Amino acid sequence: SASSASSASSASSSSIFSTSSSASSGTTSVPRPNPRIPSPASSVAQAADDDEPARAALFALPSSSSSSSSTAVASAGSHFGDSVMPEPTIDLNHLDITTHDIDFVELDELIDKFQKDDRVKDALDKGFDMREYSKQVHIDLRQAETDSVLDYFAAADDVVALYNEIEQCDGVLKSMETILGGFQNDLGSISNEIKSLQAQSSSLSCRLKNRQSLGEKLNAFVENVAISPTMAEQLCGDEINEAYLELVNQLHRKKSYVEKHKTTNRACADVLPSFSQLCAKVSSRVRTFLLQKIQELAKPKVNMQVLQGLLLRFKVLNRFIQQHAPTIATEVRTSYIETVSTLLQRNASRYIDAMMKLVNEIASRDDLLGAEEGSLTSFFSFRPKDRSPVFAIGQRASVLQNMNAPLIVPSHVGEQKLYYEEIFRSLNLYLLDLVTSEYLFDVEFFGKVDLFTPILGKVTQLFVANLRDYLSSCFDCIGILLLIRIARGFLSMANQRQISVLRPYFESSAKLLWPRFQLVFSMHVASMNKAIAEGLSDVDTRRHTVTRRYADFASAMHVCNVTYKDGRLQKATNSLRALQEKLLLALCKSLPNEKTKIVFLINNYDHILTVMGARIAEDTDLPPSETMRRFELLKNQQVARFIDLELRGRFGALITYVSRAGDPDAPGAAGDEEQFTAVVKSFRQQWKKSLALVKQDITSKYFQNFASAASIFIAAMDTFREHYATLERIFRARYKQSPIAKDFIPATQLHYELDSLCADSKALCS
């Protein structure tokens, strides 16, 4: 190309002018080196390019060669016609080695450097003459320059054509620049117009939003202060139903808005009288409607809950008159209070009267723990009364687990009699459901207005009066305890329902129940003290009547207090237990001997434990009481005393000898062998008969409870085994070789006989 030729020409000219070679300027073409194999000239030229000063020093030639160079340039210029290249001015002073001293140290460094160059080193290794090599390089460069100049002139027409085309392109580009400039100006004006239109659009949009906002506010205002003729006609003449309620709500909102803004808005102040007149007409209609519905509640055989549910659908009307016609609202509320209060009182009184006809009278003032059995007789009959429920709780405790059982309907009971605690539970459930229903209705229909006392105050007084009347002649201590538990349970249910208005009623009930319980309980305590002081009849080894009463009564008190855990009741239980202990000790003094006294105590203690244990067996959630633990200890003490007396009565000589023998493994004292011999012989003669008599006394003669008797007999036989084991140790340690050994009963034989005797007792205990 022309550019590459030009570059080559420049490079060759530079190398020609910078050297003083005497090469010929002839036109003889020199063969070009193969580009794949580097020529010596190219190697040297490359090395020279790497270090210009070294190249100048290494290939420096005499200055006389400058004329030859000038001639060659002139000769080359003759080939291009009239275009003769100007002769350059060459300064070769810096190549004159005679003008300054030569630095041989630097020259040595340059020589060493060129020796390290691969191309120079290769040329030297091949034995090239460096001058000839340099000449060849200059020839190659001259030829490259000539070729590039020829290529440039050969492409001159193309360059001119290219120049013309570039000129034409410049003209086209100038015209396009002019057109684009016009377009740019037009776009600038359009942009200004768009900005102007955008500003106008923003202004119009803001105006539209302002007008829309104003329209919405104006519409809302008109909606709040204006009533259409159709709406006014409907409010004054349409039937009162669900659709009418919506109209009333709208009237309420409009009236409230007008009253709120009447001081700040002239229009609201102007329309307020019209709203007041319309509200007065609507309130009058609402008054007539609500009073009519309330009067329907007083009709006989009307389901009150259904009518109250209907009234709740129209509670909006009552709220309306509360705010816009307070006088009418007070009239409606007063009418409702009078009507419903009278109705609820009548219904509650009828239910109480019907339930009280079912009461089963249990106890009288003479039914006391310490009273004589003969004094407790019916007035019209000489037969003892059925007093089992007086002191025993029996199935009466089931009322505590069935607090939420359905109401008792008197007509469904028939001639059956009920305990008062069952009636009291049903009455309290009736009252709780009634108060819950009425309280919720009042709060929802009338709002947070205290209507409990005006409506239900007299109703609760009926229930309190009924309880007071019953307690005035009640001597059923267990029944009173159940009433206390029932009242406490219903108070918890009322708290769960969040009906706090009933708390005064339950507090009044508690103030009636606890004093009455303490009064009746004190009568029982007084009877026990009288029995301790004066004694009772019919005392023998069997359990006493007072013990049976106490066992039932103590079990009932434990059942009533197990979850209640009232300190007053626990204190009463402890005091009564102490009195029972004293009474039994006082009664046993009338018995003839020590054994019968012990048997009496065991039988009475055992009966108390049996009754309370049976109650715990029925109710698995009932834990043992402190009373049981106390009487269990007393019984065990008396059983140990009885066993010692019984065994001493049958095997007195053996037990006395064993207790006095001292250490069984030590030698006996003087005269011990005679005593041992007498004991063994006496025992051998009657031991089986004596054991049979012991069993007969324990299991058949003294104790009424077969299971308790069996356990006592087993304990007695275990004690006897211990005594005989001690006797056997004495025998083995002292008299095994004595002649009495033939009369000694082996322990194995004794144990076999004892196991046979205890077999049926163990079976009974298991």
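FYI, side chains are in, hydrogens and waters are out, and symmetry mates aren't considered; it's all heavy atoms of this structure. Please read these numbers as outputs of a predicted model, since none were measured by experiment.
By the 6.0 Å and 45° rule, Arg516 stacks over the aromatic ring of Phe475.
A donor-acceptor pair under 3.5 Å is absent between the side-chain atoms of Asn636 and the main chain of Leu633, judged by distance alone. Side chain of Asn360 to backbone of Lys417: no donor-acceptor contact under 3.5 angstrom is found. Between the side chain of Lys695 and the backbone N or O of Leu757 there is at least one donor-acceptor pair closer than 3.5 Å. In this structure a side-chain-to-backbone donor-acceptor pair under 3.5 Å is present from Asn495 to Leu491. Using modelled atom types, no side-chain atom of Arg615 and backbone atom of Ala556 make a donor-acceptor pair closer than 3.5 Å. Side chain of His558 to main chain of Pro623: a donor-acceptor pair is present (N/O by atom type, distance under 3.5 Å, no hydrogens or angles). Listed for the Asn604 side chain is a donor-acceptor partner under 3.5 Å among the backbone atoms of His544. Between the side chain of Arg549 and the backbone N or O of Ala371 there is at least one donor-acceptor pair closer than 3.5 Å. With hydrogens and angles ignored, the 3.5 Å screen pairs a side-chain donor or acceptor of Gln704 with a backbone N or O of Arg543. Side-chain atoms of His524 come within 3.5 Å of backbone atoms of Leu369 as a donor-acceptor pair (strictly under, hydrogens ignored).
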Test side-chain contact (heavy atoms from CB on, under 4.5 Å) on Phe463 and Tyr430 and set out the steps. CA-CA 10 Å; Phe463 287 85; Tyr430 174 89; 3.6 Å; yes
Dump the intermediate steps for side-chain hydrogen bond (donor to acceptor under 3.5 Å, both in side chains) on Ser364 and Asp367, then the final yes or no. CA-CA 5 Å; Ser364 66; Asp367 290 315; 3.2 Å; yes
Residue pair Ile608, Thr547: steps toward the side-chain contact (heavy atoms from CB on, under 4.5 Å) verdict: CA-CA 7 Å; Ile608 295 172; Thr547 301; 3.7 Å; yes
Intermediate values then yes/no, ring-ring contact (aromatic ring centres under 6.0 Å, His included), Phe651 and Phe720: CA-CA 9 Å; Phe651 306 100; Phe720 183 71; 4.6 Å; yes
Take Arg630 and Thr627, measure what side-chain hydrogen bond (donor to acceptor under 3.5 Å, both in side chains) needs, and give me the verdict at the end. CA-CA 5 Å; Arg630 173 61 180 172; Thr627 300; over 6 Å; no
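Within the 4.5 Å cutoff, no side-chain heavy atoms of Leu482 are placed close to those of Arg425. With contacts defined as side-chain heavy-atom distances shorter than 4.5 Å, the pair Leu462/Ile352 qualifies. At a threshold of 4.5 Å between non-hydrogen side-chain atoms, the residues Asp697 and Arg650 count as touching. In this structure, Leu576 and Phe521 have side chains that are in contact, with non-hydrogen atoms separated by less than 4.5 Å. Contact check for Leu519 versus Trp514: no side-chain heavy atoms found under the 4.5 Å cut-off. Between Lys315 and Glu444, the closest side-chain pair of non-hydrogen atoms falls below 4.5 Å. The shortest side-chain heavy-atom distance between Met304 and Leu344 falls under the 4.5 Å cut-off. Between Phe642 and Ile698 there is a side-chain heavy-atom pair separated by less than 4.5 Å.
Side-chain contact check for Tyr351 and Ser426: at least one donor-acceptor pair (N or O, by modelled atom type) lies under 3.5 Å. Side-chain atoms of Thr436 and Arg497 include a donor-acceptor pair closer than 3.5 Å. Under the 3.5 Å distance criterion, with hydrogens and angles disregarded, no donor-acceptor pair is assigned to the side chains of Gln637 and Tyr605. A donor-acceptor pair shorter than 3.5 Å can be found between the side chains of Thr596 and Asn593. For the residue pair Gln345/Ser341, the side-chain donor-acceptor check at 3.5 Å is satisfied.
Within a 6.0 Å radius of CG in Asn347, other residues, nucleotides and ligands contribute more than 12 heavy atoms. For Lys595, the NZ atom counts as densely surrounded, since its 6.0 Å shell holds more than 12 non-hydrogen atoms of other residues, nucleotides or ligands. Crowding of Gln498 atom CD: a count of heavy atoms from other residues, nucleotides or ligands under 6.0 Å not exceeding 12.
Residue pairs meeting the salt bridge (charged side-chain N to carboxylate O under 4.0 Å, His left out) criterion with at least one member in residues 502-515: none, sequence neighbours excluded. Residue pairs meeting the salt bridge (charged side-chain N to carboxylate O under 4.0 Å, His left out) criterion with at least one member in residues 340-359: none, sequence neighbours excluded. Every pair passing salt bridge (charged side-chain N to carboxylate O under 4.0 Å, His left out) that includes a residue from residues 461-490 is listed here, sequence neighbours excluded: Arg396-Asp476. The stretch residues 705-719 participates, sequence neighbours left out, in these side-chain hydrogen bond (donor to acceptor under 3.5 Å, both in side chains) pairs: Asp606-Asn705, Asp606-Ser708, Thr610-Asn705, Lys635-Ser708.
The structure places CG of Leu431 at 12.0 Å from CD of Glu438, a figure rounded to the nearest 0.5 Å.
Here Glu626 pairs with Arg629 under the salt bridge (charged side-chain N to carboxylate O under 4.0 Å, His left out) rule; sequence neighbours left out. Partners of Arg313 under the salt bridge (charged side-chain N to carboxylate O under 4.0 Å, His left out) rule, at least two apart in sequence or in another chain, are Glu242.
The two residues Gly479 and Glu421 make their nearest non-hydrogen contact at CA-OE1, 4.1 Å.
The six-membered or imidazole ring of Phe452 lies away from that of Tyr439, with a centre-to-centre distance of 6.0 Å or more.
Ring orientation note: the planes of Tyr336 and Phe446 are tilted relative to one another, at an angle of 30° to 60°. The aromatic rings of Phe441 and Phe445 sit parallel to each other, their planes meeting at less than 30°, with 60° as the upper class boundary.
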